[in-house]
Amino acid sequence: MLDPKFVLENPELVVKKAAARGVEINLDEVKEFSREKKNYLQKAENLRYERNKASQLVARKKREGEDPSSIISEMKEVGREIKLLEERLKEIEEKQRKILLTIPNIPHESVPEGKSSEENVEVRTYGEKPEFSFQVKPHWEIGKKLGILDFERASKIAGSRFAVYLGAGARLERALINFMLDIHTAEKGYQEVIPPFIANEKSLLGTGNLPKFENDLFKLRGYRWYLIPTAEVPLTNFYRDEILEADSLPKRFVAYTPCFRREAGSYGKDIRGLIRQHQFNKVELMSFSLPENSYQELERLTQDAEEILKRLGLHYRVVVLCTADLGFSGAKTYDVELWMPHRKKYMEISSCTNCEDFQARRANIRFRREAKTKLEFVHTLNGSGVALGRTVSAILESYQEEDGSVIIPKALRPYMNDLDRIT
RNA sequence: GGAGGGAUGGCCGAGUGGCUUAAGGCGGCGGUCUUGAAAACCGCUUUCCGGGUAACUGGAACGGGGGUUCGAAUCCCUCUCCCUCCGCCA
């Protein structure tokens, strides 16, 4: 959520910035509500002042054995008026909050303007596109042939957009999880977390998934619970409604979790293979940062995600998302995109985002600089470090051999019982 | 699933309708003392929203929501969460 004060003081800017994202918003109501609010609030406060004074008088009279009944009957009416005003205030505040919750974050000044993902800007690449002397196969064919991926049985068990990993395939997935967690914890200073894979409404409101994007989520029938679409949700809400000490920042966490997404409206997109699943594994990085350091932290987070791909010897590029492609809560996002040899295209493997204080304001995560200074909102950052299923696909395709076998990247072999090749 | 007990400021904790402007402690900050430090002592120390250049000043918040009352941390209803015991369970 944006700072309501900021929105009221800079309505043109907010509208303009939302438009750059392709989102049309109207702030007339918000302005009107705040005018009304002020009016009612003043009236209510004056009446309360009156009542507080009268209350003290009643108490004194009673103590001194005098009759306070004239004041009491007078205050009866005042009490009714206050209640009416309070009701109206609550209504207005709720309406205003509802609107404010649907306004997207303001993109950072360094974010390029654009109308679609086509206008994302490449900032760097790593490695080279692998060359093949034979016809490259897609990962789902490789996986099926090796007996390590089974999509048919997955759809029997659950439905489409699910996968079964078998044998060396399951082992590969598990090896990658451990590999990533080890690097992030032992080398990069993140604290490992295993959070709940289910989150409540407040948590999803905190990250910005609710109220606008409920259709992307799996909701548990009969409960106010959702399956998490990313570990960003439990990790961000770890400190919801808490006050942190400034010198404890940044706080960096890493979590492996499954992620669950409805993928409603993505029919026909990426229907084959592991690319777009209802359930996938992800190692997620999260950082709570001082505002003045958050952009430096974003660079660091992105590099930590890249480190995984470098060690796996995979070719990738980093793009900065343009205004139109930026997510709802983000102020700036770097996508790390892996090269997919079969498709001959780059594919998102990690999304590293600085949400600034947008989520912190929703989730009420603050910090104190010194004993007597005002509380401020932290900046929250998250990034995949990295997504598992897509990494497996890229490994299968990039390291495939003509005979259908797949070489295991050197860095992973210690995690695979020194297996060097899946045959 | 059943029975009972709880939720109070950064933390702990007192408070059963108006002398509460939320006691007291811890922690934090400042001071006295000291060559310095510790101890001791003294003072300050919740957050949010308004008004004011400021000193200051008004209001709100005792888990969330609702109710009773002139007046609620305190009484009633309801929801959430935590704890204890019983049952079930990896």
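Any value given below was found using the heavy atoms of this structure, including those in side chains, with hydrogens, waters and symmetry copies removed. Everything quoted here is computed from the prediction, not taken from an experiment.
Here the nucleotide nearest the side chain of N52(A), chosen from rG65(B), rG59(B), rC70(B), is rG59(B). Listed nucleotides: rG10(B), rG66(B), rU47(B). Nearest to the side chain of R366(A): rU47(B). Between rG10(B), rG66(B), rG50(B), one nucleotide has an atom nearer to the side chain of K38(A) than all others, and that is rG50(B). Considering only side-chain atoms of Y49(A), the nucleotide from rG58(B), rU47(B), rU68(B) that sits closest is rG58(B). Side-chain proximity of K76(A) to rG10(B), rG50(B), rC70(B): nearest is rC70(B). Comparing rG59(B), rG66(B), rG18(B) against the side chain of R48(A) picks out rG59(B) as the nearest. If you check rG18(B), rG59(B), rG50(B) against the side chain of V58(A), the one that comes closest is rG18(B). Of the listed nucleotides (rC70(B), rG66(B), rG10(B)), rG10(B) has the atom at the smallest distance from the side chain of R368(A). Residue S55(A) places its side chain closer to rG71(B) than to any other of rG71(B), rA60(B), rG10(B). Of the listed nucleotides (rG65(B), rG71(B), rG10(B)), rG71(B) has the atom at the smallest distance from the side chain of R51(A).
Nucleotides rG15(B) and rU8(B) have their C1' atoms positioned 9 Å apart, rounded to a whole Å. Only the P atoms considered, rC81(B) is 36 Å distant from rG25(B), to the nearest whole Å. Distance noted for atom C1' between rU32(B) and rC83(B): 46 Å (whole Å).
Separation of the H278(A) and F218(A) ring centroids falls under the 6.0 Å cut-off.
Remark: the backbone N or O of A163(A) is paired with a side-chain donor or acceptor of Q277(A) at under 3.5 angstrom.
Using a 4.0 Å heavy-atom distance criterion, K90(A) is classed as a sugar-phosphate-only contact.
For the pair K53(A) and rG71(B), the criterion of a side-chain N or O lying under 4.0 Å from OP1 or OP2 is not met.
For rG58(B), the base has a donor-acceptor partner in the side chain of E45(A) [N/O atoms by modelled type, under 3.5 angstrom].
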